[in-house]
Amino acid sequence: MNNNELKEIDLEYIWHPCTQMKDHETLPMIPIKKAYGVYLEDFEGNKYIDGISSWWVNIFGHTNSYINKKVKEQLDTLEHVILAGFTHEQIIKLSKRLVELTPKNLDKCFYADNGSSAIEVALKMSFHTHKNSNKKKDLFVSLTNSYHGETLGALSVGDVELYKETYKPLLIKNIQTPVPKDKSKEEAIKAAKEFEKLCEEKHNEISALILEPLVQGAGSMHMYHPHFLKLVSITCKKYDIHLIADEVMVGFGRTGKLFACEHANISPDFLVLSKGLTGGYLPLSVVLTSNEIYSKFYCDYNEHKAFLHSHSYTGNALACAAANATLDIFEKENIIEKNKELSEYISKKLQKFKNLKNVTNIRQTGMIGAFDIKGYKPQDRIGLKVYLHGLKNGVFIRPLGNVIYFMPPYVITKKELDKLFDTVYEAVENL
Ligand SMILES: Cc1ncc(COP(=O)(O)O)c(C=O)c1O
């Protein structure tokens, strides 16, 4: 099939995610033939720098030779086996490593196969833990502007109107507490006080507080100070409210530490991981929790306290092999240190945008950089213009409305960062 046939047949048969399909009457659909390192290559030989790590999943580049090798080895050994009653070497190895690498008191791993499903697991487990202790706590608190995925439970605890509004009649009980307004410590303290007030009033009902540590991704790459995590973690403990840390996006080195919770030295009751877990290769997610919570479900069968949640592909062996290979790379190549240098370079590149009159709110946390474009209405779809300029010039980014952000794979070079940032600069300068 040639490029045009692929595009045509695609649009005849596929309903793409997060897309108004009518847009494709004018917007190009881009069939990708192959990918390597930070590059995506289409069927006409055009190369695009993957400036957002293919929806924030890819950390060590596409078709990484080491991860490829490990997945291929696994493919010839065991592709998948049911995880109820059976287990396998890759998942055992992976679970032990995750427990060792994550903050203390996270002792058990429960697997699912995408970020949203893992959020569902954490929400259900929290509610069920209280229930098994004879407490009825059925209210979830999340931060304003948060995003935790799009299955109904995950959508309930999100706060991005664009995704949530339509489905409001279907959602579970939730309320929001303010996210700190900016990266200052003062705003962190102010927001934490609001949460404390809410808990004084409603702690008997609240099952858990769920949050994205440090950076709210789909909520416009909003960033806040780690002190907020410290303070709310203390409040949660005081009122017997679980803390669910959704590190689906920020986990695995994005923020400058392996896990974002480390910036505040906190141990959540549930830590949710996905995306970078397999290096961006295969769908896998995991919820880590404490032995204390695990013990609330551990009893004789007839007491009916077991956590009966399952997905067919839970703990898939190929995905676990990719995850172990990903952790090998972290271990062998001192990635967190190396990323510091890249983050500093990103910071330099971001500063240049200060020269542009239509740019505001430049911000960065580790390997995530962002800014807002001001002076346009949403219907101007200004982000789309920047996206299209990028495509024409060999760069792929996917703005969130008027928010332009960069989240490249960690294998990007300074020269490739130059190309990524300079192309976007050109686009914004010429709007
Ligand atoms: C913080 C966060 N939580 C959960 C999710 C949902 O993950 P998935 O898209 O794999 O369902 C996302 C996805 O972007 C996310 O950014």
Side-chain angles (χ1 to χ4, degrees), residues 16-19 50-59 110-126 140-160 162-164 167 171-172 174 176 179 208-224 228-229 243-255 259-261 263 268 270-288 309 311 313-314 316 319 322-323 326 365-368 370 397-401 403 405-407:
H16 287 260
C18 207
T19 301
D50 187 351
I52 62 153
S53 301
S54 281
W55 256 343
W56 322 339
V57 297
N58 190 292
I59 52 181
F110 191 100
Y111 289 88
D113 43 29
N114 61 73
S116 304
S117 306
I119 295 294
E120 303 291 332
V121 168
L123 298 175
K124 284 175 72 179
M125 241 183 214
S126 168
F140 289 95
V141 180
S142 60
L143 303 187
T144 51
N145 191 50
S146 55
Y147 177 89
H148 297 286
E150 290 167 45
T151 51
L152 290 175
L155 202 55
S156 304
V157 290
D159 187 42
V160 179
L162 179 66
Y163 307 119
K164 188 170 180 177
Y167 304 102
L171 305 181
I172 58 174
N174 69 92
Q176 279 66 52
V179 67
L209 167 68
I210 178 167
L211 47 75
E212 296 152 272
L214 301 193
V215 187
Q216 295 184 312
S220 302
M221 297 296 153
H222 179 72
M223 301 176 184
Y224 63 86
F228 179 71
L229 298 175
L243 179 61
I244 304 174
D246 174 355
E247 294 218 20
V248 167
M249 182 189 81
V250 293
F252 298 100
R254 257 309 149 195
T255 65
F259 300 106
C261 284
H263 290 276
F270 301 97
L271 175 67
V272 184
L273 304 172
S274 186
K275 293 198 188 265
L277 171 61
T278 62
Y281 265 62
L282 287 155
L284 184 71
S285 57
V286 60
V287 179
L288 285 109
H309 182 105
H311 298 286
Y313 283 100
T314 291
N316 175 263
T326 301
T365 299
M367 292 293 289
I368 308 170
I397 57 157
R398 197 181 151 91
L400 295 156
V403 175
Y405 71 91
F406 306 90
M407 208 187 295

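Any value given below was found using the heavy atoms of this structure, including those in side chains, with hydrogens, waters and symmetry copies removed. Just so you know, ligand 1 is whichever comes first in the structure, and atom 1 is the first atom listed for that ligand.
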Notebook entry, point to check: For the atom pair CG (Leu288) and CZ (Phe270), what is the distance rounded to the nearest 0.5 Å?
Noted result: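 Rounded to the nearest 0.5 Å, the CG-CZ separation comes to 11.0 Å.
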Note to self: To the closest 0.5 Å, what do you measure between CG (Asn114) and NE2 (His311)?
What the structure shows: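 Reported value, rounded in 0.5 Å steps: 7.0 Å.
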Notebook entry, point to check: Which heavy atom of Asp159 sits nearest a heavy atom of Leu143, and at what distance?
Noted result: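 It is CB-O, 3.8 Å.
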Check: For the residue pair Val250 and Arg254, what are the closest heavy atoms and their distance?
Finding: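 Nearest pair, atom of Val250 first, then Arg254: O-CB, 3.5 Å.
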Check: Can you list, by chain and residue number, every protein residue with a non-hydrogen atom closer than 4.0 Å to ligand 1?
Finding: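 For ligand 1, the contacting residues are Trp56, Asn114, Gly115, Ser116, Tyr147, His148, Gly149, Glu212, Asp246, Val248, Met249, Lys275.
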Next item on the list: Give a yes or no answer on whether the side chain of Lys275 reaches the backbone of Asn58 with a donor-acceptor pair at less than 3.5 Å.
Entry: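 Checked: no pair found.
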Next item on the list: Determine yes or no for a side-chain-to-main-chain donor-acceptor pair under 3.5 angstrom, with Ser126 supplying the side chain and Leu123 the backbone.
Entry: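 No, because the side chain of Ser126 does not come within donor-acceptor range (under 3.5 Å) of the backbone of Leu123.
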